[in-house]
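Bear in mind that the values here come from a model prediction, so they are computed numbers and not experimental data. Values below: all heavy atoms of this structure, side chains included; hydrogens, waters and symmetry mates excluded. All ligand and atom numbering here is 1-based and tracks the order in the structure.
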Amino acid sequence: MDFRLTPRQAQLKADARALTDFIAGYETQCEENNGLPESAHAKIRDAVLDAGLQAVNMPAEWGGAGLTIAEQVTVQEELGRLTGALWDMVWRPANALRFCTPEQRERFLIPVIKGERRDCYAVTEPGAGSDPQNLATTATRNDRGWVLNGEKWFVTVGDHADFMIVLAAAGPERAPTLFLVDKDTPGIEMTRVPRFMHTFVYEHPEFTFTDVQVGEDAVLGGIGEGYDITRSWFTEERLMIAARTTGAAERALELSRDWAVEREQFGAPIASYQLIQGMLADCAVDIAVNRAYTHQVAWEADRATPRDRKTLHAKAAIAKLSASEASGRVIDRCLQIHGGRGYDRAYAVERLYRELRVDRIWEGTSEIQRLIIAGELVKRGTGVLDLPVAG
Ligand SMILES: Cc1cc2nc3c(=O)[nH]c(=O)nc-3n(C[C@H](O)[C@H](O)[C@H](O)COP(=O)(O)OP(=O)(O)OC[C@H]3O[C@@H](n4cnc5c(N)ncnc54)[C@H](O)[C@@H]3O)c2cc1C
């Protein structure tokens with residue numbers, strides 16, 4: 001066994017850290033203004049391109065950074081340190097865009113990789129959350145292609161994106177299908193921009209679709225393929241959440257360790273009190289074990305055969321469930337260690353406290369991850385716990 005970072009991973013980690021430190025300069029501005037001005041978006045986009053960390057999940061032949069999953073995890077861990085969800089400015093095109101036809105790739109994916117266009121993914125609806133099968137958005141065929149009608153909620157980056165990947169029930173058979181839709185297509189309306197608990201550099205608006213006409217060529221990946229395409233990327237996306245939440249927790253612990261050493265009460269640094277030490281130690285445990293497991297599963301994902309797919313899916317669910325819940329525990333303790341300052345939005349721990357909460361909800365709630373893990377145990381036994389064997 002070799003648990004060391006490869007030289008390439010070590011370099012990526014350093015590059016991602018340098019980019020993270022640069023972007024962190026915008027955290028306060030983002031918090032105070034609930035977003036950033038266009039000039040800041042432009043500067044950060046240039047920095048991402050200079051760092052070569054755009055579209056790390058896309059192949060080099062299309063202009064992406066073409067990183068392995070283990071390498072992506074290394075990058076995401078660093079980016080996860082950022083507050084204001086500024087990590088999302090280091091864009092990763094939706095993996096579903098790999099299913100583009102060559103023409104769609106030229107029109108949608110390659111401009112996203114270059115930082116010229118931006119996608120958003122619209123699956124969730126008022127009545128379809130954890131259960132996307134309850135889809136009410138429809139696509140009806142006509143002589144010019146398809147007509148979309150329905151409503152989508154929580155569309156992350158929906159304010160900034162210029163096209164959407166929309167899941168709709170197509171035709172009388174209600175085949176779940178993804179459509180590539182330019183956001184300025186007539187009939188699309190951004191109806192509400194809710195204020196959420198976190199500060200996020202982009203919004204998560206709600207949209208309605210009223211008789212939105214798209215061409216036959218708007219179908220992404222085939223009619224009826226919508227769920228399968230969306231599901232096929234859960235393993236990667238959930239590992240990235242595990243990585244980001246681990247990075248966020250590590251930053252919180254660094255800040256809290258330093259604060260505990262510096263802050264004096266009752267005539268001594270609070271770090272000298274065992275109740276504080278216990279919290280610091282529990283944070284270190286949560287971070288260390290989740291980092292190791294996330295890297296293990298990412299390593300396995302890079303070597304997986306189609307036969308491993310289902311078990312790997314459950315392993316990614318373990319990583320996402322465990323890391324997102326552990327980071328929630330870590331940030332709660334770190335806020336406590338900071339005392340009243342931990343409740344002040346000027347402090348990164350306060351912002352992370354609000355921001356890490358959603359990681360237990362999106363990309364499948366903690367309950368859904370538990371259902372996946374339990375399903376794997378019931379169907380295939382406890383092999384999900386095994387380490388891979390060489391040979
Ligand atoms: C900030 C934010 C950004 C988002 N971005 C996007 C996006 O870009 N695109 C997109 O399509 N969606 C997005 N979402 C939506 C997100 O994926 C959903 O919120 C999530 O899947 C849960 O769906 P729901 O909110 O409808 O909750 P529900 O599904 O209604 O769940 C409510 C509760 O019931 C539990 N529950 C549901 N089913 C079961 C079950 N079978 N057994 C036990 N418990 C169950 C859930 O775990 C939860 O605790 C975003 C959400 C948020 C908050």
Side-chain angles (χ1 to χ4, degrees), residues 30 34-35 80 83-89 91-97 112 118-137 148 150-169 176-181 183 188 190-209 220 226-227 229-234 236-238 240-241 244-245 248 316-317 320-321 324-325 328 351-378:
C30 183
N34 187 36
T83 67
L86 296 175
W87 46 264
D88 206 14
M89 299 184 83
W91 62 96
R92 291 168 55 87
N95 278 314
L97 292 171
V112 176
R118 190 77 199 256
D119 57 307
C120 60
Y121 213 87
V123 174
T124 305
E125 300 183 359
S130 299
D131 176 15
Q133 320 247 5
N134 204 25
L135 203 58
T137 299
L148 305 185
E151 189 174 0
K152 293 290 176 184
W153 278 21
F154 302 110
V155 184
T156 298
V157 197
D159 55 324
H160 197 80
D162 67 341
F163 73 96
M164 317 175 80
I165 303 167
V166 181
L167 181 68
T177 304
L178 295 171
F179 292 87
L180 291 163
V181 187
K183 209 175 77 179
I188 299 180
M190 197 160 84
T191 44
R192 194 168 83 98
V193 184
R195 286 302 308 273
F196 289 92
M197 182 170 155
H198 58 205
T199 302
F200 202 102
V201 64
Y202 305 114
E203 305 284 0
H204 317 279
E206 296 171 7
F207 290 89
T208 54
F209 299 78
L220 176 64
Y227 294 146
I229 292 176
T230 304
R231 272 198 220 108
S232 62
W233 301 107
F234 278 155
E236 283 190 30
E237 292 310 319
R238 289 175 180 159
M240 299 311 144
I241 290 179
R244 279 203 306 273
T245 53
K320 195 258 186 189
L321 172 66
S324 61
E325 299 217 333
R351 301 194 296 272
L352 290 171
Y353 182 82
R354 283 180 286 125
E355 291 169 21
L356 285 166
R357 187 63 182 87
V358 77
D359 290 297
R360 288 146 70 183
I361 296 173
W362 61 15
E363 288 293 333
T365 63
S366 286
E367 291 70 38
I368 296 301
Q369 306 310 317
R370 288 188 172 91
L371 294 180
I372 294 166
I373 298 159
E376 171 72 13
L377 292 172
V378 172

Return yes if some donor-acceptor pair links the side-chain N/O of Asn134 with the main-chain N/O of Gly127 below 3.5 Å, else return no. yes

Could you give the distance from CZ (Arg244) to CH2 (Trp87), rounded to the nearest 0.5 Å? 4.0 Å

Option among Thr208, Thr124, Leu167 that satisfies the side-chain contact (heavy atoms from CB on, under 4.5 Å) test with Lys152: Leu167

Looking at atom 9 (N) of ligand 1, what's its closest protein heavy atom, distance included? Tyr121 O, 2.8 Å

Val155 and Met164: CA distance, side-chain angles, deciding distance, side chain to side chain contact (heavy atoms under 4.5 Å, CB included) verdict: CA-CA 9 Å; Val155 184; Met164 317 175 80; 4.2 Å; yes

Considering only non-hydrogen protein atoms, determine which one is nearest to atom 18 (C) of ligand 1 and report residue, atom name and distance to 0.1 Å. Thr124 OG1, 4.2 Å

Give the C-alpha distance, both sets of side-chain angles, the deciding distance and a yes or no for side-chain hydrogen bond (donor to acceptor under 3.5 Å, both in side chains) between Glu355 and Thr83. CA-CA 7 Å; Glu355 291 169 21; Thr83 67; 4.6 Å; no

Name the closest protein heavy atom to atom 36 (N) of ligand 1, giving the residue it belongs to and the distance to 0.1 Å. Ser130 OG, 4.5 Å

Salt bridge check, Arg195 against Glu203: does any charged N sit closer than 4.0 Å to a carboxylate O? no

Kindly confirm or rule out an N or O of Phe196 lying under 3.5 angstrom from an N or O of ligand 1. no

Atom 45 (C) of ligand 1 - nearest protein heavy atom and its distance: Glu367 CB, 4.3 Å

Report the nearest protein non-hydrogen atom to atom 39 (C) of ligand 1: residue, atom name, distance rounded to 0.1 Å. Ile368 CD1, 4.2 Å

Does Arg370 form a salt bridge (charged side-chain N to carboxylate O under 4.0 Å, His left out) with Glu325? I'd like the steps, not just the answer. CA-CA 12 Å; Arg370 288 188 172 91; Glu325 299 217 333; 3.1 Å; yes

Could you pull out all residues at least two apart from Thr156 that satisfy side chain to side chain contact (heavy atoms under 4.5 Å, CB included)? Asp88, Phe200, His204, Trp362

At less than 4.0 angstrom from any non-hydrogen atom of Leu371, what atoms of ligand 1 do you find? 40 (C), 41 (N), 42 (N)

Specify whether the nearest protein heavy atom to atom 30 (O) of ligand 1 is under 4.0 angstrom away. no

State which residues pass side chain to side chain donor-acceptor pair (under 3.5 Å) with Thr199; sequence neighbours excluded, sorted by chain then number. Glu31, Arg354

Atom 26 (O) of ligand 1: nearest protein contact (heavy atom, Å): Gly129 CA, 3.2 Å

Any non-hydrogen protein atom less than 4.0 Å away from atom 33 (C) of ligand 1: no

Just let me know how His198 lines up against ligand 1, side chain, backbone, both or neither, with a heavy-atom cut-off below 4.0 Å. side chain

Atoms of ligand 1, numbered as shown, that sit under 4.0 Å from any heavy atom of Val358: 1 (C), 53 (C)

Rounded to the nearest 0.5 angstrom, the CZ-CD distance for Arg192 and Glu206 is 4.0 Å

Do the side chain of Lys183 and the main chain of Asp159 share a donor and acceptor less than 3.5 angstrom apart? yes

Check the surroundings of atom OH in Tyr202: do more than 12 heavy atoms from other residues, nucleotides or ligands lie under 6.0 Å from it? yes

Any idea which atoms of ligand 1 are less than 4.0 Å away from a heavy-atom of Ile361? 19 (O), 20 (C)

Name the closest protein heavy atom to atom 6 (C) of ligand 1, giving the residue it belongs to and the distance to 0.1 Å. Phe154 O, 2.6 Å

Atom indices of ligand 1 within 4.0 angstrom of Thr365 heavy atoms, with elements: 22 (C), 46 (C), 47 (O)

Indicate whether atom 20 (C) of ligand 1 is within a distance of less than 4.0 angstrom of some protein heavy atom. yes

For Arg370 and ligand 1, answer yes if some heavy atom of the residue is under 4.0 Å from a ligand atom, otherwise no. no

Is atom 1 (C) of ligand 1 less than 4.0 angstrom from some protein heavy atom? yes

So which protein heavy atom does atom 5 (N) of ligand 1 come closest to, and at what separation? Thr156 OG1, 2.7 Å

